[in-house]
Amino acid sequence: MKSTRINNEFFSLKKCSLKQAIKMGLTPEEFELICKNLKRIPNVTETGIFSAMFSEHCSYKSTKKWLKKLPTQGIQVIQGPGENAGVIDIGGNDAIVFKIESHNHPSFIEPYQGAATGVGGILRDIFTMGARPIALMNVLRFGETINPLTKHLLNGVVAGIGGYGNCIGVPTVGGETYFHKSYNKNILVNAMAIGLAKKNKIFYSKATGIGNPVIYVGAKTGRDGIHGATMASAEFSNNTEEKKPTIQVGDPFTGKLLLESCLELMKTDIILSIQDMGAAGLTSSSVEMASKGNLGIFLNLDKIPVREKNMSSYEIMLSESQERMLMILKKGSENEAEKIFKKWDLDFSIIGKITNNKKILLEKNNKTVCDLPLKMLVDEAPEYNRDYKIKNCNNKIHSKDIYIKKTIKEILFKIMENVNFGSKRWIFEQYDSSVMGDTVVTDSESNSSIVKVHKSDKNNFSGKGIAISTDCNSRYVKNNPKMGAMLAVIEAARNICCSGAKPLAVTNNLNFGNPEKKEIMGQIVATIEGIKKSCEFLNTPVVSGNVSLYNETNGKSILPTPVIGMVGVIQDINKVIKKNAKNKNTILILGQDDQKDDGWLGSSLYQEILYSQCDGKVPEVNLKQEKIIIDFLTQIHANDLIIAAHDISDGGLLPSLMEMLFKNNLGMNINLPKKLMNLNRSNIYKLHGWCFGEDQARILIATNDPAKIITKANKNDIKVFDLGITNKKSMIKLGNYDGFSTKKCYNLYESALPKILLD
Amino acid sequence: MKVLINIFPKKEILDPEAKAIKKSLNNLGFNKINDLEKGKQILISIDENDEKNAFKYAEEMCNKLLVNSTIEDHEIIVLKDR
Amino acid sequence: MKVLINIFPKKEILDPEAKAIKKSLNNLGFNKINDLEKGKQILISIDENDEKNAFKYAEEMCNKLLVNSTIEDHEIIVLKDR
Amino acid sequence: MRTGIIVFPGSNCDRDIEVAIKKFSNKNPIRLWHKDTEIPNLDLVVIPGGFSFGDYLRCGAIAAKSPIINAIKNHYSRGSAILGVCNGFQILLETDLLSGSLINNQNLKFLCKNVSLITQSTIESPFTRGLRSGSIINVPIAHNEGNYYANDQLLKKLEDKGQIAFKYLDSENPNGSKNNIAGILSENGKVLGMMPHPERAINTYHSSQDGKFFFKSLFNHLLG
Ligand SMILES: Nc1ncnc2c1ncn2[C@@H]1O[C@H](COP(=O)(O)OP(=O)(O)O)[C@@H](O)[C@H]1O
Ligand SMILES: [Mg+2]
């Protein structure tokens, strides 16, 4: 085995060939430029470092130009994009730290470990900044349910998310799951984490202080996740078996120890800067820390705790082993830090120091193995101005054109038992949603998920809460990326408001196909434009995010999936609004009146379920109207007039209404607008539009005081419609047209996922 | 006939459980341990009298369900005498 | 020297995992299965050259930690040649 | 009245139970580290939920070999009370302070939801003395290995001697536990192990507040 070790290191130090560079993911032009700027040919280790730093994931080379356009400022913003996570001020000395990140590709290869390490990774981004993680969300996309692989992936991903989150003890409080054939060979696993920190105790990654020690803590470095293409290369060695990329395995137990030990050390003042080792491991963490501080870094690779004896410098620098941290400490405080990490049984090693030469200098076996100017890795990283073409589907579909000759009841049942609408209980019951004791509601009970700010309660005051919502309707984004993205932000805001909270800021995860294709780049450009527009209008700046490109298989892209993660604050958790109505409540629609006698079925769930194609113009977006409605909701909630609320989105009015009635098994005689009372065969389509249309800017509320609300609405020029009063009979009557049981709907709704999962 | 299927995580893949068990044994004073691996074992009694067929049957079950070949290695032992 | 420790749930415990695996295999069309048990396997390499001592050492580890004798049975195999 | 909470690497409900103890006993519990070999004189020791040592090997097995376990056994010999919730229950079984075992949930999945617990009529115990037998409390469970197993002989003994503290509603048995068992007592009634989490059901904003019946009655008796 000795010869292999020498071989490995020997090859790491050889001049890199163009062919090898390409295998690592660099383009010929990029490699040429590197050689030119460096005035020499880099060795294999150095080239590996370039390839990692120039990768789409680290350099954002396709999107940087556009991401700059996002609004990132606001009085609530403490830290915008550019750090491990965004930070916002929630009053007092409290701050919220949050970010979303994808782990799509690894989850397809090994669903359990891929999803688990995705959760572990985003949690480290949060506690790196000094915050205790208080909630997790997850946004999942799978292929069609008839695809046998889907079941396997769903099982594995859900178990993996739970496996990590449950064990480390952070509640998973909500998320989204959607199935579509475009994800058959490219699932999406996006995990979002939220942490709570003290405003005056935020930690950053910017290196400071020449001569200060660089510390490695956490798990040992193994061969996990080293770039496959490179390592499979026969040219590196004849021993190919040893070079295969290895699956990253999450160890939530070590993750928990790392979390507690870091938070314990953060109570002292000896950490100057800290950065987790995420994508591209030691490479990106060390380069980013040093370059942010405009300093240099020296590392002795012999000091890195390794799992296997014969690791080369290339492997050490590119390993993506989990549960590792890099920190810079005050000189002389190494022992104090070491004591804490030893207490938690974690590896601790002083691996180098901060220098002033603005270089990354690596040494192994007393030899320099890498000597690169940081500027070349960061500031001079490629930035592309890719061609793009924005495509919208402008074909306006009238309900007359697509309505199906089935009864409302038949269609409603189809929607209820559809996996994209039906209950996700099978998923969320596998997640510990109540650990930490601060969960107020999950998004199955309210429109957003709410966790209490720990210890914010005093005497008779119950405390304040953080509201979180994740949203993305890819049907809309595909048919109109800009409007779709605008609506994703809007829907998130509506959800937060329908829980009684106030939206504050946004994180986003841009999941798209190959940006080298004009249409895909067009989706990205228009999406960012849409996010910008809504976020500016709502004053919810974007403070963090992630981009995941090349989500394609055999040239076929996934549906564009720009996921929005929004957080808000509710000043008193006793004022949280839930979804479920009670008996004898009046249900009102805010934003719709008696004049409305049809609805928008283009790009709707109705269309998706009843037709194989789903296109057409997306529903009209009216930001002003949206804001008027949510502001009105907030105002009447302040007067304690609301018992329950639910926004009308996927599926339209009737399915949304049913979700309000399920919990208490309520019935209702639905009032229809006069214009819909006496339809015949030629115009019955209007009723379909009315029940299932996805017109925006509408919210359902349950109240005991409809008169007061209607008066107020009239005064404010807000449309309102009285749908009727709930009763205990569990039967829904829709005028003379239809009647059906709430219980039956509920059973279909609950059976949606178990049905496809049964063997 | 019975087949015994031994499944171990691939050598190069981190096995946090094996790590934790080894450490705990060390803490209990077992200091002679050089290395510890943890695997699963599945013992299946099948309606089959031919050794070769039993092996093939087991191999098929491994491929179809029992083994996750991206992270696990396995071996099949046909127990003739049982 | 290496010792292999096989740990199986006691017969009277209806191991839900074994039951589920058997059912999944049946669903995949493997109908020749009479019975299926699932166990753990721990392979330990110890600093010990004497077979008997190795066995005793392993037995001790089983009693102290590795096996819960109220629900599990175990066997120890000393692998002389490894 | 003094309470101690044992913290193992991987414990994750230690803070939750601390909040509950403070709330209902008006006293700050002390925290004890798994490597401690002695514990002060306490009225109640709590082993919280979580994934001690990652749940590796068997849930609770590695924790049960920690240095502090001897001290807990001494505390037990003095006739003082011990509460183990979830992973704490699993640890108590592995230390033999309680009998039986917890194996995989029947559906092999982690399960987090609210369940109804029926209080049983038991031997004299600080944990059940203030609860009416037959009364139902609604509290969350969150576990992967909560399927209580004991052989028929042990089950009979537990039933006969009144060592079963809580049962799941028969129609709701979430994990396949024998006799719907959710929590059991030691022979002397001073040790309780239970899978459900009463500490997650104590505040107005929790989905149930029934955990307060449990803690109120417990501290009433311990205090008084
Ligand atoms: N779509 C986006 N919108 C806003 N900020 C983004 C977006 N994508 C990435 N960022 C920001 O860029 C920085 C680098 O992110 P990333 O490389 O994903 O971090 P990590 O190294 O933790 O994986 C982070 O501050 C992140 O929040
Ligand atoms: Mg990071």
Side-chain angles (χ1 to χ4, degrees), chain A residues 132 155 158-159 161-172 250-257 259-261 343-346 425-442 444-445 450-452 454-455 457 460 462-463 465 570 572-576 578 754 757, chain D residues 7-23 33-35 48-57 59 62-63 85-87 105 107-115 139-145 174-175 196-209 211:
Chain A
R132 178 173 284 283
N155 261 306
V158 170
I161 289 173
Y164 204 104
N166 300 347
C167 180
I168 200 167
V170 176
T172 301
D251 180 2
F253 172 56
T254 302
K256 169 77 173 166
L257 305 185
L259 160 68
E260 296 302 336
S261 56
K343 170 184 159 195
W344 291 96
D345 285 326
L346 292 168
R425 180 179 306 280
W426 182 89
I427 295 174
F428 66 73
E429 280 189 349
Q430 293 185 55
Y431 301 149
D432 191 336
S433 54
S434 53
V435 62
M436 295 186 91
D438 287 327
T439 304
V440 181
V441 282
T442 65
S444 64
E445 305 154 82
I450 297 186
V451 288
K452 194 186 91 171
H454 197 61
K455 283 193 174 156
D457 46 334
N460 286 329
S462 296
I570 177 160
D572 178 355
I573 51 170
N574 269 344
K575 292 214 139 194
V576 167
K578 299 192 185 179
L757 284 156
Chain D
V7 182
F8 293 96
S11 293
N12 65 28
C13 303
D14 43 332
R15 193 185 78 173
D16 314 5
I17 198 96
E18 185 178 335
V19 169
I21 292 168
K22 257 188 218 169
K23 187 176 169 104
W33 185 236
H34 67 118
K35 287 179 186 162
F51 286 65
S52 60
F53 296 92
D55 266 3
Y56 295 135
L57 191 63
C59 306
I62 300 180
V85 175
C86 200
N87 189 230
N105 291 353
N107 71 353
L108 301 178
K109 298 206 181 318
F110 188 98
L111 202 54
C112 175
K113 62 189 227 177
N114 277 30
V115 295
V139 287
I141 54 164
H143 60 245
N144 202 30
E145 280 100 351
N175 49 29
H197 290 275
E199 78 278 14
R200 299 188 193 178
I202 54 171
N203 279 313
T204 48
Y205 60 85
H206 285 150
S207 48
S208 158
Q209 296 185 58

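Computed from a predicted model, the values in this text were never measured in an experiment. In the text below, chain A, chain B and the rest are named by the order of the sequence lines, each starting its count at 1.
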Peer 1: If I measure from the heavy atoms of chain D, does A:D345 come under 4.5 Å with its side chain, its backbone, both, or neither?
Peer 2: side chain
Peer 1: For A:D432, is it the side chain, the backbone, both, or neither that has a heavy atom closer than 4.5 Å to a heavy atom of chain D?
Peer 2: both
Peer 1: Measuring heavy-atom distances to chain D, does A:I168 have an atom under 4.5 Å in its side chain, in its backbone, in both, or in neither?
Peer 2: backbone
Peer 1: Supply the atom-to-atom distance A:I573 CD1 to D:Y205 OH, rounded to the nearest 0.5 angstrom.
Peer 2: 5.5 Å
Peer 1: With a 4.5 Å cut-off on heavy-atom pairs, point out which of A:K455, A:K343, A:E445, A:Q430 contacts chain D the most.
Peer 2: A:Q430
Peer 1: If you tally heavy-atom pairs under 4.5 Å against chain A, which of D:E199, D:K35, D:H197 wins?
Peer 2: D:K35
Peer 1: I'd like to know which of A:G465, A:S434, A:G163, A:A159 tops the heavy-atom pair count under 4.5 Å against chain D.
Peer 2: A:S434
Peer 1: Between A:Y431, A:F253, A:F428, which shows the greatest number of heavy-atom pairs under 4.5 Å with chain D?
Peer 2: A:F253
Peer 1: Let's test your reading of the structure: which of A:G169, A:G437, A:C167 forms the most heavy-atom pairs below 4.5 Å with chain D?
Peer 2: A:C167
Peer 1: Which region of D:P140, side chain (C-beta onward) or backbone (N, CA, C, O), has a non-hydrogen atom less than 4.5 Å from a non-hydrogen atom of chain A, or is it both or neither?
Peer 2: side chain
Peer 1: Once rounded to the nearest 0.5 Å, what's the spacing between atom OG of D:S11 and atom CD of A:E260?
Peer 2: 10.0 Å
Peer 1: Check whether D:Y56 gets within reach of chain A through its side chain, its backbone, both or neither, counting any heavy atom under 4.5 Å.
Peer 2: side chain
Peer 1: Counting only heavy atoms closer than 4.5 Å, note whether A:T439 contacts chain D via side chain, backbone, both or neither.
Peer 2: backbone
Peer 1: Under a 4.5 Å cutoff for heavy-atom pairs, which residue among A:V435, A:D251, A:D457 has the most contacts with chain D?
Peer 2: A:V435
Peer 1: Pick whichever of D:H206, D:K109, D:R15 has the most heavy-atom pairs under 4.5 Å with chain A.
Peer 2: D:R15
Peer 1: Which residue out of A:V441, A:N574, A:D438, A:V576 racks up the most heavy-atom pairs below 4.5 Å with chain D?
Peer 2: A:D438
